[in-house]
Amino acid sequence: MFKIAITVMVIRIAITVRDSVLKRVIASLLLIFMATPFTMANDSVEADAPSTETTEHKARIQGKNIRYQVAAGDTQLKDEEGNPSANIFSFYYQRTDVEDRAQRPLIFVFNGGPGSSSVWLHMGVFGPKKVVIPSDAERVGAPPYPILDNPESLLDIADLVFIDPVGTGYSKPVGGKEGKAFWGIKEDAETLAQFIRVFVTRHQRWNSPKYLAGESYGTTRAAAIVGELQEGWGSMDLSGVFLISSILDFQTGDFTPGNDLPFITFLPTYAATAWYHNALPDRSKWDDLPAFLDDVRQFALNDYATTLLKGALATDEEYQNAVDKLHQFTGLRQQYIQQTDLRINEHFFMKELLRDRGEVVGRLDSRYVGEDESQVRERPETDPSSYAIDGAYTAAIQSYMAKDLNVIRDNRYQVLSGEVFRNWNWLYGASPRAQGFVSMSPILSKAMRQNKDFRIFIANGYYDLATPFFATEYSMNHFGYDQERIKMAYYEAGHMMYIHHPSLESLAQDMRAFLLQQ
């Protein structure tokens, strides 16, 4: 528009000029001006203008027909000076055939990474559409992939908002801001808390029960957002959080020198993985996985933890007992266990467990196996449970947006951004020396103390080597949590337990029961 206005003004000036040479010069300059790409602040504002597509749908969920509306598009956030700072892309599902929307629960859903869009929880468990992939750890192969109605969706009893943080999906910084301004534990939590406040205000949902649902780093994000929303004056009290494959206290999962805790917290998942792949020296002793894992837990908390704590003070008998039990529970060779000094890194385990078979196990889901080019490396070349499913979810969200939601954009929908992950600021409210390991549990335990109705649901996959269930149990058994308001659930699958069809059904029913307890 600005360019057209300039052109009209120049033409008017040219008409008043009598000198023919000057007229030709003006005409030539005008042609060059019109042919040259032109960018000014107005053009940038137009390019950054938020847009939303709204569509109407119907679905059959839990045996009932429901009607719902989807608003897929941008919410523009502004900085303290009132200037645009970010466009947050989201999918808002609201059931339309309800009488009292104010009392209806509202769930804000996001994934983790950091750097992941919300596609996994969106198209895997919560949304009314799902992509169906093989249940028993098979690779998806090439498209087409089935995109079907999801009868397990929670949309019949709650409205859903799937959020893509800045740098993921179609969300982006605007107004001259850079992505790094949003990429950090604190920065991200402040941004999404702002989005939630704006959203709740615009849609008049301040008096509705509100929950956060996150997966993986999304559980870290959920805790940080709880702190932003609930603490201080003018707070937004929440009804609770859904934590899918939780990681709140990073000391339980960071294999760094001097930190023995992860070797303990990962052990039951190592054992479950060996049990699944029939790699134990005497698998026949344990037909029941939960009972087997109870034995592993007891060893991990007692003899194993004590031996690691003692270090060189451990007797030969104590040391050998640990070697024998680790061999019994993980299937790893005794010589290998001794060579690790009883300390088994997750990536080493992935490579070593099935080395004799020429296979490596997955990290996100250790039911999956893959083959590496080299059989002698100490670590896998990549995670077979990642490349086994990524293509299906990427294709599904793109196809679904275009065909069902009328969202077609030329720019790439960022399913998982490495740029966001590489530039993430892990510092959270302290100097690097003072912070130590990131820990979000104190925020959630405080939320329980300050809000008598705040509840926590946690979904754990037995075969999750990214966020192991025993590490989550450690977190929940410390920091003063109210155990009466925590629901722990377990599934015989991995990090994304919902890709396993029986686990999806169980997870959905467990979350439904938790939600209806409000």
- Message: I'd like to know whether CG of D100 has more than 12 heavy-atom contacts from other residues, nucleotides or ligands below 6.0 angstrom.
- Response: yes

- Determine the interplanar angle of the F126 and F242 rings, folded into 0 to 90°, and report it as parallel if under 30°, tilted if 30 to 60°, perpendicular if over 60°. perpendicular

- Message: Applying salt bridge (Lys or Arg N to Asp or Glu O under 4.0 Å) as the test, list every pair that has at least one member in residues 211-230; sequence neighbours left out.
- Response: K186-E228, D188-R221

- salt_bridge(K129, D149) N-O dist < 4.0 Å: yes

- Return the set of residues passing side chain to side chain contact (heavy atoms under 4.5 Å, CB included) with R139 (not counting sequence neighbours), or none when no residue passes. E371, Y387, A388

- Would you check if the distance from the ring center of F110 to the ring center of W120 is below 6.0 Å? no

- Which residue, V140, I133, I389, V132, forms the side chain to side chain contact (heavy atoms under 4.5 Å, CB included) with Y145? V140

- is_close_aromatic(Y490, Y462), centroid dist under 6.0 Å: yes

- Message: Cation-pi check for F514 against R455: NZ or CZ below 6.0 Å from the six-membered ring centre and within 45 degrees of the axis, yes or no?
- Response: yes

- Going through the checks in order, is the side chain to side chain contact (heavy atoms under 4.5 Å, CB included) test met by F195 and T75? CA-CA 8 Å; F195 167 85; T75 297; 3.5 Å; yes

- Message: The criterion is side chain to side chain contact (heavy atoms under 4.5 Å, CB included); which residues satisfy it with I61, sequence neighbours excluded?
- Response: A59, I66, S153, L155, D156, R512

- Message: Strictly distance-based, threshold 3.5 Å: is any side-chain N or O of S385 a donor or acceptor partner for the main-chain N or O of L364?
- Response: yes

- Salt bridge or not for D464 and R363, using N-O below 4.0 Å? no

- Query: Less than 4.5 Å apart, any side-chain heavy atom of T472 and any of S246?
  - Reply: yes

- Item | Aromatic ring proximity, centroids under 6.0 angstrom, W206 and F199 | no

- Query: Salt-bridged, D159 to R104, with N to O below 4.0 Å?
  - Reply: yes

- Item | Side-chain ion pair, D74 and K172, N-O less than 4.0 Å | no

